[in-house]
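Here the structure is laid out as structure tokens; the discussion comes afterwards.
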Protein chains: 2
Amino acid sequence: MRSSSITNTIFKVLEGQEDHLTAKEIYEKVKVTLSAVDPSTVYRSLERMVHQGQVSVSDMGGPAVVYERVTRDPHHHLVCEKCGKKLTFKDGQISDFLGQVQKETGFQITTNHLVLFGVCPDCQKKN
Amino acid sequence: MRSSSITNTIFKVLEGQEDHLTAKEIYEKVKVTLSAVDPSTVYRSLERMVHQGQVSVSDMGGPAVVYERVTRDPHHHLVCEKCGKKLTFKDGQISDFLGQVQKETGFQITTNHLVLFGVCPDCQKKN
DNA sequence: ATTGTAATTGCAAATCTTTGCATATTATAC
DNA sequence: GTATAATATGCAAAGATTTGCAATTACAAT
Ligand SMILES: [Zn+2]
Ligand SMILES: [Zn+2]
Ligand SMILES: [Zn+2]
Ligand SMILES: [Zn+2]
């Protein structure tokens, strides 16, 4: 029998995971359950899920963009580009900023997983 | 004779261009001048230039990330994810926000080309 | 149930990007 | 200038992602 829906499997993979995953990593994990699945199907499903706002896609400085499930309670990150250390923000302050942009531009902001880059205090000292 | 420096050619390509370019597009344009250049060399050079802060790399919703020259006067964008329309921000308001993040986290922010996504007023109406 | 339509999937091929390694270039030290 | 080390480049191969197309599945209408 053919898989009923790859989307569900992808959701499960993303839920059972704290970290952010690349498309390739998601494909590998989906394949454990659905051994016959084709990579293109997973890639296309991810694209669809991002487009529908169920999943976020972000460049976090790694070798490829990473995906994460979008929850009611959004979050954002600040990544050290020297050592990779990651801070996570609750939405509060960021959504204030995004709300302000929304008011000033008339755009309805859809960015749901903002990633900023910087150099952390430790790495600044090491300079 | 071998090219003295691919970096210079890439800079010229990026300067003679209003828009943002993908790695592939940059490679194609570099090849016009340096016909024997290898794609891997261009890709690695771009990586280097990004790492050194001379070039920004961003996902702007297209099929691949895009590169742009970083100038004294940074800018940022708001992209409509329905129709692709792009707004460009001068740095003012955004840098206020980034400065606030910097103060609160101790990170020295290096994000120099922020891209936000949303739905533009026109596309909201078409709903 | 049958039909028709739209969305999803697999497969193969094409394309894009990365990587390992040898060579060539550039910079630094003596 | 010569030797030494560090960086940049080309080449070939591997790897990751996208695309075209035909077949399958899901869904709605009859
Ligand atoms: Zn996250
Ligand atoms: Zn750090
Ligand atoms: Zn720009
Ligand atoms: Zn629009």
Side-chain angles (χ1 to χ4, degrees), chain A residues 1-14 17 19-69 81-82 84 126-127, chain B residues 1-14 17 19-69 81-82 84:
Chain A
M1 189 191 109
R2 192 155 152 196
S3 69
S4 55
S5 174
I6 294 213
T7 305
N8 289 332
T9 309
I10 293 179
F11 267 131
K12 277 179 202 148
V13 164
L14 290 177
Q17 188 71 22
D19 225 359
H20 310 81
L21 297 175
T22 66
K24 169 90 182 314
E25 290 167 341
I26 292 170
Y27 164 62
E28 297 295 348
K29 286 175 184 289
V30 167
K31 206 167 51 170
V32 173
T33 306
L34 304 173
S35 56
V37 75
D38 192 78
S40 70
T41 303
V42 173
Y43 290 137
R44 280 193 274 227
S45 298
L46 279 171
E47 220 175 299
R48 202 182 310 141
M49 293 161 91
V50 168
H51 185 252
Q52 296 171 352
Q54 303 155 321
V55 167
S56 70
V57 54
S58 320
D59 172 6
M60 300 204 37
V65 297
V66 290
Y67 297 83
E68 193 175 22
R69 193 158 183 277
E81 63 181 25
K82 301 291 182 194
K126 284 175 199 159
N127 208 10
Chain B
M1 188 193 107
R2 193 157 151 192
S3 69
S4 56
S5 174
I6 294 212
T7 304
N8 289 332
T9 308
I10 293 179
F11 267 131
K12 279 180 201 147
V13 165
L14 290 177
Q17 188 70 21
D19 225 0
H20 310 80
L21 297 175
T22 67
K24 171 88 181 317
E25 289 167 340
I26 293 170
Y27 164 62
E28 298 294 348
K29 286 176 185 289
V30 167
K31 206 167 51 169
V32 173
T33 306
L34 305 172
S35 56
V37 75
D38 192 77
S40 70
T41 304
V42 173
Y43 289 138
R44 280 193 273 227
S45 297
L46 279 171
E47 220 176 298
R48 203 182 310 142
M49 294 161 90
V50 168
H51 184 252
Q52 295 172 351
Q54 303 155 319
V55 167
S56 70
V57 54
S58 320
D59 173 5
M60 300 204 39
V65 297
V66 291
Y67 298 83
E68 192 174 23
R69 193 158 184 278
E81 63 181 24
K82 301 292 181 193

Could you run down the sub-3.5 Å N/O contacts of the protein with nucleotides 19-21 of chain D?
{"unit_1": "dG20(D)", "atom_1": "O6", "unit_2": "Arg44(A)", "atom_2": "NH2", "d": "3.2"}

Open item on the list: side-chain contact (heavy atoms from CB on, under 4.5 Å) for Asp59(A) and Asp59(B)? Distances and angles first, verdict last.
Closed with: CA-CA 8 Å; Asp59(A) 172 6; Asp59(B) 173 5; 5.6 Å; no
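In this structure the side chain of Lys29(A) reaches within 4.5 angstrom of the side chain of Gln17(A), judged on heavy atoms. Counting heavy atoms from C-beta on, the side chains of Thr33(B) and Lys12(B) never come closer than 4.5 Å. For the pair Tyr67(B) and Leu21(B), the minimum side-chain heavy-atom distance is 4.5 Å or more.
Separating the NE2 atom in His20(B) from the CD atom in Glu68(B) is a distance of 3.0 Å, to the nearest 0.5 Å. Here Ile10(A) contributes atom CD1 and Ile26(A) contributes atom CD1; the two are 6.5 Å apart, rounded to the nearest 0.5 Å.
Following rounding to the nearest Å, Ile6(B) (CD1) and dT9(D) (P) show an atom-to-atom distance of 5 Å. One interatomic measurement links the two molecules: CD1 of Ile10(A) to C1' of dT8(C), which rounds to 12 Å at whole-angstrom precision. Here the P atom of nucleotide dT9(C) and the CG atom of Leu34(A) are 10 Å apart, to the nearest Å. Atom-to-atom, NZ of Lys24(B) to P of dT17(C) comes out at 7 Å; the value is rounded to the nearest Å. Regarding Tyr27(B), its OH atom lies at a distance of 12 Å from the C1' atom of dC11(D), rounded to whole Å. Nucleotide dC16(C) holds its P atom 10 Å from the CD atom of Glu25(B), rounded to whole Å. Rounding to whole angstrom units, CG of residue Asn8(B) and C1' of dA8(D) are separated by 13 Å. As rounded to whole Å, 13 Å separates atom P of dT17(D) from atom CG of Leu21(A).
Nearest nucleotide to the Ala64(B) side chain, out of dT17(D), dT9(D), dT17(C): dT17(C). Among dT17(D), dA8(D), dG10(C), the nucleotide with an atom closest to any side-chain atom of Arg48(B) is dA8(D).
Not counting sequence neighbours, the partners of Lys24(A) by the salt bridge (Lys or Arg N to Asp or Glu O under 4.0 Å) test are Glu28(A).
Of the side-chain N and O atoms in Tyr43(B), one or more sit less than 4.0 angstrom from OP1 or OP2 of dT17(C). Here Ser45(B) reaches the OP1 or OP2 of dT9(D): one of its side-chain N or O atoms lies under 4.0 Å away.
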